[in-house]
Amino acid sequence: TQLLEQSPQFLSIQEGENLTVYCNSSSVFSSLQWYRQEPGEGPVLLVTVVTGGEVKKLKRLTFQFGDARKDSSLHITAAQPGDTGLYLCAGGMDSNYQLIWGAGTKLIIKP
Amino acid sequence: DAGITQSPRHKVTETGTPVTLRCHQTENHRYMYWYRQDPGHGLRLIHYSYGVKDTDKGEVSDGYSVSRSKTEDFLLTLESATSSQTSVYFCAIKGQGARRIPGELFFGEGSRLTVL
């Protein structure tokens, strides 16, 4: 069974602080996607990483794919209330078109 | 706007009744998916479709069936709803990817189903 474990499950911090969310697996993925979901809406794609060691930046968000393509991290610098939401990682396999989803990290940024 | 609409958005029903959720897309995408989302479980795939009348099971397909008679519509049916099927259901379409880069999933706004 392929699993993607996200940690922490829940994080509540003050505006301006930094944070890192992790997505780990024992399986190798050909790609990894990060989505953000706001209450009452569907998830929205933030980034896709496909190369081991790849780093992508999206304003204050930095995404990294592990060298062995088994893990990924999302780092937010100087978090803002607008970053509040559920962050989901999803691993892709070349062999099929299904994604393996993590359970999500619920992030609350307090003003 | 990825052109996905789900209906109904909210439904309350009783155990044992049939329920059908509809997903409609205007983008002519080939792949469509039904997921359920429950606290602590993330998104779990119920069924997916890779074309008209071409469907396959996901990891939690028991108690659910699907149909796709037109490219734009993907229906999810609970033949006899149970309380364990109380959940938020999301439909998604898959955008065009590139070499080694999977397509982005575009999600509907969800259908919240409560089975009493």
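A note on names: the letters A, B, ... follow the listed sequences, proteins ahead of strands, and every chain is numbered from 1. Small disclaimer: the values here were computed from a predicted structure and weren't measured.
Interface remark: Gln37(B) contributes side-chain atoms only to the contact with chain A (heavy atom separation under 4.5 Å). At a 4.5 Å heavy-atom cutoff, the contact between Gln37(A) and chain B is made by side-chain atoms alone. Both the backbone and the side chain of Leu43(B) come within contact range of chain A, each with at least one heavy atom under 4.5 Å from a heavy atom of that chain. For Glu41(A), the part lying under 4.5 angstrom from a heavy atom of chain B is the backbone only. Neither the backbone nor the side chain of Arg112(B) comes within contact range of chain A; no heavy atoms are under 4.5 Å apart. Proximity to chain B (any heavy atom under 4.5 Å) is restricted, for Leu88(A), to the side chain, taken from C-beta onward.
Ring geometry for Tyr35(A) against Phe107(B) counts as perpendicular: the plane angle is over 60°, on a 0 to 90° scale with 30° as the lower cut.
Taking the side chain as every heavy atom from C-beta outward, Asp83(A) and Arg36(A) approach each other to under 4.5 Å.
Using a 3.5 Å distance cut-off with no hydrogens or angles, the side chains of Thr86(B) and Thr114(B) do not pair a donor with an acceptor.
Taking a cutoff of 4.0 Å between a charged side-chain nitrogen and a carboxylate oxygen, Asp54(B) and Arg68(B) do not qualify as a salt bridge.
Remark: the backbone N or O of Tyr50(B) is paired with a side-chain donor or acceptor of Arg30(B) at under 3.5 angstrom.
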